[in-house]
Amino acid sequence: MGELRLMKGNEVIAEAAIRVGVDGYFGYPITPQSEVLETLMARQPWEETGMVVLQAESEVAAINMVYGGASCGKKVMTSSSSPGMSLKMEGVTYLAGAELPCLLVNVVRGGPGLGTIQPAQSDYFQAVKGGGHGDYKLIVLAPNSVQEMHDFVGLGFDLSFKYLNPAMILTDGMIGQMMEKVELADFKPRWTEEEIVKMSGSWATTGKTADRDRNISTSLELQSEKQEVFNHKLQAKYESIQENEVRYEKFMCDDAEYLFVAYGSSSRICQKAVEIAREKGIKVGLLRPITLFPFPNKQINEMADQVKGILSVEMSAGQMVEDVKLAVNCRVPVEHYGRFGGMIPSPDEIVEALEQKIIGG
Amino acid sequence: MAKIKGAITVDTEGCKGCGLCVVACPTNVIGLAREVNGKGYNYAYMEQADKCIGCSSCGLVCPDSVITVYKVKMNA
Amino acid sequence: MDVKDIIKPENIAYKKTDVLTDNIMHYCPGCTHGVIHKTIAEVIEEMDIQDKTIGVSPVGCSVLAYNYLDIDWQQAAHGRAPALATAAKRLMPEKYVFTYQGDGDLASIGTAEIMHACNRGENIVVFFVNNAIYGMTGGQMAPTTLVGQKTSTSPYGRDVELNGHPLRITELIAQLPGTSYVTRQSAETPGAVRKLKKAVRKAFENTAQRKGTSFVEIVGTCASGWKLSPVKSNEWMKENMFPYYPLGVMKDE
């Protein structure tokens, strides 16, 4: 068993980054995620593993540092919260367009605009549907515990290098600020230059040696015919991710007549709501998407064979519910229940919404 | 006294006929051809070959790196 | 002696460096980018650092610089090249990393990135090509466009009331303690190209010695944007650009 510690979600992102051998972190302070940068600066991992940590002049600079580092075949990451993530979207679409691996962490707060510093899940569309311009997708992981915040740093990099695509941990201020017991991974050494050349030599800009053509990290292709072919290649990659990387969790679904679909913080509250509802005799289960892209369409569709109605519970005005509806394809009623602007729903509210919108609806 | 003789060759298909080499040449060796290359540019050529001293001025200012300069020392 | 006796491999005094590719540059006739590309390529060849050099290209005419210098390249979003270079150099400290940026890229949209990279003293080289106009998008006003200069977005000439003053950003950069070498050069004559080459070499050598940021501005022409011939453009540059953007070394520590 690995080392056990009581840690904040944001702190564990930093700790996990050091332990999985991240080469570079580039960040900018913003509430409620500043502990990621603070923890790294206090830990001084450059003394320990050689990891580079830099406070950039802006979120825009930070994401472009990620672009520069990722282009070198390095394991690089950034974290931010909603308004900062909006600023990063330019860089994110370039990273996706240049097919570069990296990890992004969005500790979501309520919006729009400067909004609030309290937790929300209202950046689902930005994370899952694009956010930046062009047809691209991010691999989006939604942790619902401090342990998963830790685990998804490693998983995010694994998937991101497997598919040469940016990955994002989409979490929120609640999980970022929450303290829980976490089992930490053992330290993995950072990749050596030889390992990087062996693994990513066909694209990483490590210096053009005589044995290969020059590597160019770019998202530019002025010939539309070629750009279309490239877009087809991207779409095929996204299909392959959809085919192979769906992750989800079911809670009390075996005999369920109704279903909650919820991710991240909302899924924890929904677990309690399931218990309360079952005490009242309502047989409800919970399906928790762990990957938001790829979305568990098939698994939700299968549940529509079994249940009479589905409630999508999100801390937003209704974003993921659109994907749940697409997955269900009108076979059973699908409704949304949400608190937003930094408000968090109580389990009782959720059960009441189930009774009113689905059972009584 | 050693006399220096030079000559240039121009990759005429790569030349865009900008004329910067013509101005840079201290001995007025280079002119632009009346004929055009495949892209329609009046390319540079050695108009007065005997005057070339192989100083490389044309090569240095050429934006398209189409000029190669040759130089020999001759003992008179 | 006959010309064909002179034109022999053993008599070559000057030829295109192998660090340049065989691609014909997309630049307009007479464009200064070509001369600057070549000069950087020659220095890379002379220092034998082709396998250790990473270029970061901008958005603008020189976005496609990666087609011409046979080294590894990263193509940055508009203005962000110094951020990419920061990460590349910090993650690969033994490499030579340079950015290549135009006036719109560096002195307008990328002002924050260049200021902070220079202020942190990143051990990178910055090549800043100032031709006082946006070339790629068709000749719009740049932050460095001169007062009274006509462009497609200042069709009656740059008006200070409307557009503010031409930005001497290199003078600002020279104030930053993070920079060790700041110079303004040009490339219109053989002598100027030779001086430029010395500056380029010094800049690369400085970064190897971890002296901080080396910043080389090159005042150049844009014949198409200025609507002049290449030769006339050089004359216009000398007459109008050099008085406002005086050449020379501003800092060498």
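Chain identifiers are assigned alphabetically (A, B, ...) following the order of the sequence lines, protein sequences preceding nucleic acid strands; residue numbering begins at 1 within each chain. Computation of the quantities below employed the complete heavy-atom set of this structure, encompassing side-chain atoms and omitting hydrogens, waters and symmetry-equivalent molecules.
Using a 4.5 Å cut-off between heavy atoms, Val97(C) does not touch chain A at all. Contacts of Ile71(C) with chain A are made by backbone atoms alone, with heavy-atom separations under 4.5 Å and no side-chain atom involved. Contacts of Leu54(A) with chain C are made by side-chain atoms alone, with heavy-atom separations under 4.5 Å and no backbone atom involved. Of the two parts of Ala76(C), only the backbone, made up of N, CA, C and O, holds a non-hydrogen atom closer than 4.5 Å to a non-hydrogen atom of chain A. Contacts of Ser57(C) with chain A are absent, with no heavy-atom separation under 4.5 Å from either backbone or side chain. With a 4.5 Å cut-off on non-hydrogen atoms, Leu64(C) touches chain A through its side chain but not through its backbone. Of the atoms belonging to Ala70(A), not a single heavy atom falls under 4.5 Å from chain C.
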Next item on the list: Please lay out, stage by stage, how Phe127(C) and Phe98(C) fare under the test ring-ring contact (aromatic ring centres under 6.0 Å, His included).
Entry: CA-CA 7 Å; Phe127(C) 296 113; Phe98(C) 72 87; 5.6 Å; yes
Next item on the list: Decide side chain to side chain donor-acceptor pair (under 3.5 Å) for Asp51(C) and Thr209(A); before the verdict, give the C-alpha distance in whole Å, the side-chain angles of both, and the deciding distance to 0.1 Å.
Entry: CA-CA 5 Å; Asp51(C) 60 343; Thr209(A) 42; over 6 Å; no
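In this structure, Gly135(C) and Cys222(C) approach most closely via the heavy-atom pair CA-SG, 4.4 Å. Listed here is the closest heavy atom pair of Lys211(C) and Ser180(C): O-CB, 3.2 Å.
Between Trp191(A) and Phe161(A), the distance from one ring center to the other falls under 6.0 angstrom. Note: His33(C) and Tyr68(C) fail the aromatic proximity criterion, with ring centroids not under 6.0 Å apart. For Tyr100(C) and Trp73(C), the ring centers are positioned 6.0 Å apart or more.
Put simply, of Thr206(A), Val76(A), Leu220(A), the one with the most heavy-atom pairs under 4.5 Å next to chain C is Thr206(A). Of the residues considered (Gln50(C), Met115(C), His116(C)), His116(C) shows the highest number of contacts with chain A, using heavy-atom pairs under 4.5 Å. The choice from His78(C), Lys89(C), Lys95(C), Lys52(C) that makes the most heavy-atom pairs within less than 4.5 Å of chain A is Lys95(C). Considering only heavy-atom pairs separated by less than 4.5 Å from chain C, the leading option among Gly24(A), Ser71(A), Gly91(A), Ser58(A) is Ser71(A).
When atom types are taken as modelled, the side chain of Arg19(A) and the backbone of Phe187(A) share no donor-acceptor pair closer than 3.5 angstrom.
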